[in-house]
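Proteins get letters first, then strands, A, B, ... in listed order; numbering begins at 1 in each. Hydrogens, waters and symmetry mates are skipped; everything else that's a heavy atom, side chains included, is used.
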4 protein chains.
Amino acid sequence: MASTDTAILEAAAELLSQRGYRGMTVAAVAAAAGVSQPTVYLRYASKHDLAVAAIARRPFFANPPDTGDLTEDLIALLTDIVATAETIGLSIIGVVLAEEPEHPELLARWRAAVGSSVLRAVDEIIDRARSRGQTRDDLQPGLVADLVVGAYLAHYTHEGRPDSAWARQIVETLRPGLT
Amino acid sequence: MASTDTAILEAAAELLSQRGYRGMTVAAVAAAAGVSQPTVYLRYASKHDLAVAAIARRPFFANPPDTGDLTEDLIALLTDIVATAETIGLSIIGVVLAEEPEHPELLARWRAAVGSSVLRAVDEIIDRARSRGQTRDDLQPGLVADLVVGAYLAHYTHEGRPDSAWARQIVETLRPGLT
Amino acid sequence: MASTDTAILEAAAELLSQRGYRGMTVAAVAAAAGVSQPTVYLRYASKHDLAVAAIARRPFFANPPDTGDLTEDLIALLTDIVATAETIGLSIIGVVLAEEPEHPELLARWRAAVGSSVLRAVDEIIDRARSRGQTRDDLQPGLVADLVVGAYLAHYTHEGRPDSAWARQIVETLRPGLT
Amino acid sequence: MASTDTAILEAAAELLSQRGYRGMTVAAVAAAAGVSQPTVYLRYASKHDLAVAAIARRPFFANPPDTGDLTEDLIALLTDIVATAETIGLSIIGVVLAEEPEHPELLARWRAAVGSSVLRAVDEIIDRARSRGQTRDDLQPGLVADLVVGAYLAHYTHEGRPDSAWARQIVETLRPGLT
DNA sequence: GATGAATGAGACTTCATTCAT
DNA sequence: TATGAATGAAGTCTCATTCAT
């Protein structure tokens, strides 16, 4: 059944976020999805395959904010990223990094899904700013994406959840380099 | 014996970096340290305690570069971070993030050890720049640390290892906002 | 359908020979036969019943060689047995012997099918020889069958595949006792 | 403990004979030996390794009979083989043959242990007979071993347990070819 | 008659942890 | 202090078998 498919993937993604790769046991996924373990194996050849598939269910940033101003767009994007992360936690990123030595496909899948969607969002924001003449011609979107998204990763890793003023402060600090 | 203590901690840190929390089995730590498993338990009450202790053995950034120029200092710091990360891998950061829901002490320990040492390094670099009149008075070191260190985390997570020109490009992009 | 019946039995016999009783999974039989698993169960109440039925599909020795000479007949028969065994392997005999403690029907079926057909072949060869006056009157075909067929079983079990001269050497060693 | 070692190997050999490779579960071996499953894995890296080790515990034919007469020696040897087989069953031979496609080491080990010990026994019997002038100079012990041992394998496989007169009849049938 | 989908039971294996010495 | 030996608990995966369609 289609609903079984969804239930399994959602249970897997949830457990992956909350209990890590190790904690995402097939038994727990099956129980959370309300099916038996072999039913999971009917769909995925191994736990590893299931985890890889679950990664792709993480949130995308498909519709970048469009406020008409570069700074505000970036603040909105960063705020959105922070809000998303506070909902589902950063541990999913931790999982894909932590498992890289043994399961590099997880990180690969994360890059293909989430990483590229973030980059695309920044790309679009900067494109629009450029067409409004708000930004330097040689500004590289990849660098901006690294700086904006990374700031949150570093802040969380080194200090914890940022306060509400933080996103604006980051983008303000960055602004002179963009325009 | 002191050398036994060291051997155990080093083996644990190494395995934690290279194989993650799950891969850091007590048997593997004991074997790598050349002792028996009960010897490990004489020192740490549990595997988890051992992992927490091992986290503190991660590299510090005790002597921030001092080139006489803010930009060059930051490039050197970032280059140093990248080099360190390429040696020991990012999976250790992944581990502390991934384990946070169940073992928040790992992340707490990481913040106390590595996070604060990075922040102190950036602090010092900016202090020196400020005393040379190279930077704004209201520049907050915490934001700069987020941006510089985070850029690498984001780049690695989204794209992989950066090329050799990358660190300079990041700092150049950032520079107008610092001075 | 008749062809379905055949396909299932052939797949079962093939898998039984090549992968043993354990390797003959119902899923593998169904896949090899191009049907679903329940289709197999429509025909056989259990995997075991299927195995028993598959045993009966093993090769018979219906037309014993007739060269006009006892020795040559036996050599031809033994050569034929060796050739057959090298094609389908001895593991099928292993299966019926190995399963005897728990599933004696397999061995019973093998005796009824293959064992009796070999005995009949030796019987006929010796009958013809006797009518030509080539053999002792009191020669018991059962003993000859044991010696000829068994020689191959023992050779394979103890040493492996015999070389090309072996069948003739065996029968030559045996000859003085037959005539 | 040494007694644990023995208990595990004996339990494994017993189960291998009586329930086949599949039936020799590690749980059953552990239970029969009175230990936990991990204790078994402390000694053997896998179930397969355990089975291979258990094969070597099968009976040898170290002291061939020495009656002073070739025929009687062979009858005694064959009678001994039959008696041994009736005690432990032929299913262990079935197991090594049945598992050959997936676990060829079992058959290899059987050949190295049991096969070679039988061959050595026949060798010695014939050597002694030759030194007494009771046999042909060119008689090949390997062929005799094949014929004598094989006769029992074939008889059992095709008909079942032989009656008490059978061993003598086999050797008598063979005798003219030996002397 | 045929099958897609499901599952209870059980197999092999690993691991953190303990205990007697 | 140190360890050889042991184990409860749990994890991944497979398989014979069933049921609704």
D:Y44 OH - F:dA6 P separation (whole Å)
12 Å
Tell me the interatomic distance from C:L50, atom CG, to F:dC15, atom P, rounded to whole angstroms.
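Value for this atom pair: 15 Å.
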Answer yes or no: does a side-chain N or O of [X] lie under 4.0 Å from OP1 or OP2 of [N]?
{"X": "C:R43", "N": "E:dG1", "value": "no"}
{"X": "C:S36", "N": "E:dG4", "value": "no"}
{"X": "A:T39", "N": "E:dT7", "value": "yes"}

Contacts of type salt bridge (Lys or Arg N to Asp or Glu O under 4.0 Å), residue C:E10, not counting sequence neighbours
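C:R57.
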Intra- and inter-strand pairs of DNA chain E in dot-bracket (Watson-Crick or G-U wobble, both distances under 3.5 Å; | for another strand):
.||||||||||||||||||||
Non-hydrogen atoms of C:A113 and C:S116 that approach each other most closely:
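Minimum heavy-atom contact is O-OG, 3.6 Å.
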Looking only at heavy atoms, the pair that brings C:T157 and D:R111 closest together is O-CG, 2.9 Å
Evaluate the side-chain proximity of C:M24 to C:R19: yes if any heavy-atom separation is below 4.5 Å, no if none is.
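When only atoms from C-beta onward are counted, C:M24 and C:R19 do not touch, as no gap falls below 4.5 Å.
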So, B:T39 versus B:S36: side-chain donor-acceptor pair below 3.5 Å or not?
yes
Sequence neighbours excluded, which residues qualify as side-chain contact (heavy atoms from CB on, under 4.5 Å) partners of C:A33?
C:A7, C:I8, C:A11, C:V35
Show me the side-chain donor-acceptor pairs of residues 90-102 of chain B shorter than 3.5 Å, one per line, residues at least two apart or across chains.
unit_1	atom_1	unit_2	atom_2	d
B:S91	OG	B:S17	O	2.3
B:E99	OE1	A:R22	NH2	2.8
B:E99	OE2	A:R22	NH2	2.8
B:E100	OE1	A:Y156	OH	2.6
B:E100	OE2	A:Y156	OH	2.9

Under 3.5 Å, which protein N or O atoms sit close to an N or O of nucleotides 16-20 of chain E? Give each pair with its distance.
unit_1	atom_1	unit_2	atom_2	d
E:dA16	OP1	B:K47	NZ	2.8
E:dA16	OP2	B:V26	N	2.9
E:dT17	OP2	B:Y41	OH	2.9
E:dT17	OP2	B:K47	N	2.9
E:dT17	O4	B:Q37	OE1	3.2

Toward the 5' end of DNA chain E, which comes first, A:G34 or C:L42, by nearest nucleotide?
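First, find each residue's nearest nucleotide; the 5'-ward one identifies C:L42.
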Filter on ring-ring contact (aromatic ring centres under 6.0 Å, His included), then keep only pairs touching residues 21-52 of chain D, sequence neighbours left out; what's left?
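Qualifying pairs: D:Y21-D:H103, D:H48-D:H103.
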